[in-house]
Amino acid sequence: MNAVYDPKTVEATAQADWDKSRVFTATESAAGEKYYALAMFPYPSGRLHMGHVRCYTLADVINRYRRLKGYNVMQPMGWDAFGLPAENAAIKNGIPPATWTQDNIAYMRGQMQRLGFGIDWSREFATCDPEYYRWEQWFFLKLYEKGLVYRKNAMVNWDPVDQTVLANEQVVDGRGWRSDAIVERREMAQWFLKITDYAEELLNDLDGMDGWPDSVKSMQRNWIGRSAGVEIDFTVAGRADAAPLTVFTTRPDTLLGATYVAVAPQHPLAQAAADEDADVAAFIESCARATTAEADLATMEKTGIATTTQVEHPLTGELLPVWVANFVLMEYGSGAVMSVPGHDQRDWEFATKYGIDIIQVIEPVDDTPCDLNTGAFVDPGRLCNSGDYDGLTSADAFAAIADALEAKQRGRRVTNYRLRDWGVSRQRYWGCPIPMIHCEHCGVVPVPEQDLPVVLPTEVEFEGVRSPLVTMESFLNVDCPKCGAPARRETDTFDTFMESSWYYARFTSPDANSPMVDERANYWAPVDHYVGGIEHAILHLLYARFFHKLMRDERLLPGDEPFKQLLMLGMVLQGGKKMSKSAGDAGDPQKLLDKYGADTVRTAMMFAAPPHQSFEWSEAGLEGALRFLKKLWTLVHDGCAAGVAADFDVAALTEDAQQLRRRTYETLAKADDDYGRRIQFNTVVSGVMELCNAVAKTKANNDHDRGAIQEALRIAVLVISPVAPHITHHLWRVLQGEGDLVSSHWPAMDEHALSQATIEMVVQVNGKVRGKIEVAADAQKAEVLTLAKSCENVSRHLDNKTIRKEIVVPNKLVNLVVG
RNA sequence: GCCUGGGUGGCGAAAUUGGUAGACGCGCCGGAUUCAAAAUCCGGUUCCUUCACGGGAGUGUCGGUUCGAGUCCGACCCCAGGUACCA
């Protein structure tokens with residue numbers, strides 16, 4: 001028999017066996033409860049990096065563990081194929097994005113197969129396949145009919161030199177990454193999906209999602225950002241007939257402290273002021289030199305300029321000045337805010353800078369001193385300088401002022417969300433075409449269903465950086481479906497988050513010819529375990545949840561949520577850098593696969609850190625993982641050298657063999673808990689390492705002992721098989737003589753093997769460990785204490801001291817408190 | 001800025017419900033085997049102190065709760081992810 005472990009042949013044989021038996025091809029009719037295990041599909045950037053290896057190995061471990069537990073598991077794989085990097089490669093190398101993408105997919109698929117993932121490749125698709133994105137176009141038109149799609153102006157990063165829209169990533173220090181030109185904020189008509197219609201449900205459903213980490217639910221809650229407040233109307237002075245200036249605030253209790261109102265540079269009042277004041281016009285123009293990124297907006301210096309326009313305070317009638325400020329954004333809310341410098345820190349800084357009045361209208365309830373010269377007092381408190389409202393708490397004043405505004409018809413209670421509608425237009429080529437037509441006579445006309453898909457032309461050449469669609473007459477020219485006159489296609493494509501929002505559903509029925517999915521979705525949905533990087537905690541997961549609800553409302557999917565259990569992975573870093581397409585070839589696992597084999601790479605990766613933790617990948621662990629697999633190989637071959645043992649009698653085992661049985665079943669119980677409940681696999685690997693060390697130290701004194709050793713090895717092999725499936729596929733045949741491990745079952749637990757006659761307890765004096773005692777498993781408290789006090793080193797620490805307290809934690813420790 | 005995490009030996013980490021800090025592995029040191037090397041096996045390895053038994057300190061910093069804190073509470077420092085057009 002093979003004395004030396006040769007990963008290459010072992011892995012090729014195992015993979016050939018799996019292919020032959022089609023064991024990973026999932027069917028709806030197979031026995032067992034269904035289990036849909038899904039890892040976030042990759043962007044085909046060129047080659048796998050170690051972050052991919054981690055993610056897909058973790059998902060495969062879950063897949064193979066569930067399989068052993070008797071589930072009917074489906075683990076698919078596909079490609080998030082549209083996106084910016086393909087265009088960059090096309091611009092750089094002159095290769096069409098479609099060709100580049102297909103080449104990358106072919107290479108990366110080969111790498112995944114080499115890693116031995118138990119994937120059902122019959123379900124594979126790429127999002128750039130017209131058969132996939134046609135249903136996305138179909139669904140978009142459905143949503144358009146339902147009024148969930150609309151068009152409005154939104155800000156983009158505009159590169160004035162390249163004459164193109166830039167992604168936030170393409171803006172470096174406020175300049176275009178190719179042109180180096182200063183980027184401008186510019187308004188452009190864009191398509192939007194009304195995700196805010198679902199804000200309440202997206203928020204509330206989080207409460208029932210027990211399979212999601214609390215941290216992710218918190219992030220999503222804060223992102224949706226529900227807040228109860230009041231909309232307040234400020235009449236523009238001298239223009240009582242015109243529409244009032246409406247603002248939203250969560251702090252109506254501070255209304256009497258408002259000393260000015262600020263509007264966005266694009267606000268009609270700002271524009272009107274600019275017409276009469278060159279300084280205001282210049283200020284507004286300077287505001288355009290900024291990016292659309294929130295982090296930039298939040299950290300930039302807050303600047304503004306006063307206008308001569310005034311508004312009336314809705315309760316006092318006092319006139320307040322209107323300022324134009326760079327931090328007020330037209331696209332959020334009404335593009336105007338009321339400013340209370342006494343009780344909002346940003347307003348305080350702005351007012352201090354420009355010498356605007358600061359009025360205190362809230363004081364601390366506990367009468368602690370509060371100095372508005374050093375900063376705003378932002379906590380709730382008790383009202384002052386607020387006339388009739390003086391003395392009310394902030395909470396009572398909220399209600400009283402809201403009532404007064406509603407009575408005067410100057411305001412109304414509203415619920416507001418931080419969440420904004422989803423802008424899905426991208427001014428890019430390599431994406432799903434938005435199925436709309438612009439007609440001079442009819443306006444916007446949807447593409448008729450029978451004309452779908454609108455296929456993206458793949459034979460293109462890039463001239464400069466602009467989308468080739470913009471100048472491609474064969475794509476652009478189309479007859480208006482309504483009036484037949486010559487019209488033009490929409491040249492924007494969808495945000496790639498559209499494709500990744502429903503791919504999990506398409507995997508259930510990847511060849512469905514009915515819209516999007518067919519009845520197989522009712523069997524497989526929802527995803528039972530979804531695995532992916534923490535960087536997707538908000539956007540991707542929120543959009544996918546939204547899409548699920550949209551598809552549910554079209555009766556395409558069952559249930560309210562797409563992902564039952566969520567495993568969020570930490571980042572794999574290399575040289576302190578995030579692994580991504582920008583990391584180039586760094587972290588390519590290919591040479592490691594060639595040198596060590598897939599099982600060693602998988603084991604080293606799983607052993608390196610628990611799944612949720614970020615860590616820096618190092619090749620240092622590979623030698624150790626290989627050493628461990630070699631050890632397992634040798635132990636199994638040696639343990640079976642005299643043949644497979646018959647059933648053994650537990651009572652006839654030597655003391656050492658009984659200890660080994662206890663270790664064996666302790667390892668099994670812990671591994672089951674780690675795999676199934678804790679989702680922590682590094683400790684499964686260390687547990688099996690410990691068991692192997694114990695096997696190596698146990699001598700077979702008789703045939704019964706030999707049976708116990710083989711039992712330990714069988715369980716070690718089964719337990720580690722999800723991590724290292726190839727070597728265990730081989731070793732299983734050595735141990736069993738026949739059958740495939742992958743079709744085998746998780747071993748049954750033997751509780752009797754765990755029982756122990758005596759237990760070791762720690763003895764502390766004043767919380768410091770001073771000794772250890774062996775006590776009978778059923779020892780009483782008094783007995784334990786007597787034993788503890790008589791312990792030599794302990795009694796030394798008790799000399800001449802009074803015991804004030806005796807604490808006994810059963811089976812763990814004794815703590816004697818002395819004074 | 002804001003939201004969410006994280007910080008434990010030379011290194012990756014373990015410690016699950018407040019109960020022995022450092023399991024397991026890497027590296028290193030010593031030994032066995034070998035003509036030699038590789039591979040393998042055995043032993044040691046938080047720091048300071050001690051011939052030794054032992055003693056002291058120790059989980060980012062400072063403070064608190066508790067018989068007992070890596071774990072809970074408060075303040076702070078640093079690092080990472082996200083921040084709506086990277087995916």
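Fair warning: this is a prediction, and the values are worked out from it, not measured in the lab. Lettering follows sequence order; numbering is per chain, from 1.
Spacing of C1' atoms, G60(B) relative to C79(B), comes out at 10 Å, to the nearest Å. Look at the C1' atom in both A84(B) and U59(B): the space between them is 38 Å, to the nearest Å. If you take atom P in C53(B) and the same atom in A38(B), they sit 34 Å apart, rounded to whole Å. The separation of G10(B) from U4(B), taken at their C1' atoms, amounts to 32 Å, rounded to a whole angstrom. Comparing the C1' positions of C26(B) and U16(B) gives a spacing of 25 Å, expressed to the nearest Å. Using atom C1' as the reference point in both A52(B) and G7(B), the two lie 38 Å apart (nearest Å). Across the C1' atoms, A15(B) and G30(B) are found 30 Å apart, a figure rounded to whole Å. Spacing of P atoms, C72(B) relative to U17(B), comes out at 10 Å, to the nearest Å.
Note: CG (Leu813(A)) to P (G68(B)) measures 13 Å, nearest angstrom. Across the protein-nucleic acid pair, Lys194(A) atom NZ and A84(B) atom P stand 23 Å apart, rounded to whole Å. Taking atom CD1 of residue Ile91(A) and atom P of nucleotide C86(B), one finds them 15 Å apart after rounding to whole Å. Separating the CD atom of Glu169(A) from the P atom of G81(B) is a distance of 13 Å, rounded to the nearest angstrom. In this structure, Arg420(A) atom CZ and U83(B) atom C1' are separated by 9 Å, rounded to whole Å. What separates OH of Tyr543(A) from P of C86(B) is a distance of 11 Å, to the nearest Å. Residue Lys768(A) contributes atom NZ, which lies 8 Å from atom C1' of G56(B) at whole-angstrom precision. A straight line from CZ of Phe681(A) to P of G25(B) spans 21 Å, rounded to a whole angstrom.
Nucleotide G63(B) has C73(B) as its partner under the Watson-Crick or G-U criteria, with both atom distances under 3.5 Å. Nucleotide G43(B) has C29(B) as its partner under the Watson-Crick or G-U criteria, with both atom distances under 3.5 Å. Pairing of G12(B), defined by two Watson-Crick or G-U wobble distances under 3.5 Å, is identified with C24(B). Across every strand in view, G81(B) sits in a pair with C3(B) that passes the Watson-Crick or G-U test at under 3.5 angstrom. Across every strand in view, C53(B) sits unpaired, with no contact that passes the Watson-Crick or G-U test at under 3.5 angstrom.
Between Phe350(A) and Phe327(A), the angle of the ring planes goes over 60°, which puts this pair in the perpendicular group of the 30/60° scheme.
Annotation: Tyr132(A) is in aromatic contact with Trp502(A) [ring centroid separation under 6.0 Å]. Between Tyr504(A) and Phe563(A), the distance separating the two ring centers is shorter than 6.0 angstrom. A distance of 6.0 Å or more separates the ring centres of Phe82(A) and Phe494(A).
Out of C86(B), U83(B), C67(B), the shortest distance to the side chain of Val817(A) is found at C67(B). Relative to the side chain of Trp223(A), the nucleotides A84(B), U40(B), C85(B) differ in distance, and A84(B) lies closest.
In this entry the base of G27(B) is anti relative to its sugar, with a glycosidic angle more than 90° from 0.
Donor-acceptor pairing under 3.5 Å, judged by distance alone, is absent between the side chain of Lys631(A) and the base of U40(B). Between the base of C67(B) and the side chain of Asn815(A) there is a donor-acceptor pair shorter than 3.5 Å. Side-chain atoms of Arg677(A) come within donor-acceptor range of the base of U16(B), with a qualifying N/O pair under 3.5 Å. At a cut-off of 3.5 angstrom, counting only N and O atoms as typed in the model, there is a donor on one side and an acceptor on the other between the side-chain of Glu294(A) and the base of G1(B). At a cut-off of 3.5 angstrom, the base of C85(B) holds at least one donor-acceptor pair with the side chain of Gln427(A).
Contact annotation for Ala537(A): no contact, since no heavy-atom pair falls under 4.0 Å across all strands. Thr496(A) comes within contact range of the sugar-phosphate backbone alone, with a heavy-atom separation under 4.0 Å but no base atom that close. Residue-level contact check: Pro42(A) touches neither bases nor backbone, having no heavy atom under 4.0 Å from any strand. Residue-level contact check: Gln613(A) touches the backbone only, with heavy atoms under 4.0 Å from sugar-phosphate atoms and none from bases. No contact: Gly621(A) has no heavy atom under 4.0 Å from any strand. Across all strands shown, Phe497(A) has heavy atoms under 4.0 Å from base atoms, whether or not it also approaches the sugar-phosphate. If you check every strand for non-hydrogen atoms under 4.0 Å, Phe615(A) touches sugar and phosphate atoms only. Using a 4.0 Å heavy-atom criterion, one finds that Leu84(A) contacts the sugar-phosphate atoms exclusively.
Put simply, Arg770(A) has a side-chain N or O that comes within less than 4.0 Å of OP1 or OP2 on G55(B). Contact check, Arg796(A) against G54(B): no side-chain N or O comes under 4.0 Å of OP1 or OP2. One finds a side-chain N or O of Lys805(A) lying less than 4.0 angstrom from the OP1 or OP2 phosphate oxygen of C67(B). Look at Asn222(A) and you'll find a side-chain N or O under 4.0 angstrom from OP1 or OP2 of U4(B). At the phosphate of G68(B), neither OP1 nor OP2 sits under 4.0 Å from any side-chain N or O atom of Asn766(A). In this structure, Asn682(A) does not reach the A23(B) phosphate: none of its side-chain N or O atoms is under 4.0 Å from OP1 or OP2. Between Arg678(A) and the phosphate of A15(B), there is a side-chain N or O to OP1/OP2 separation shorter than 4.0 Å.
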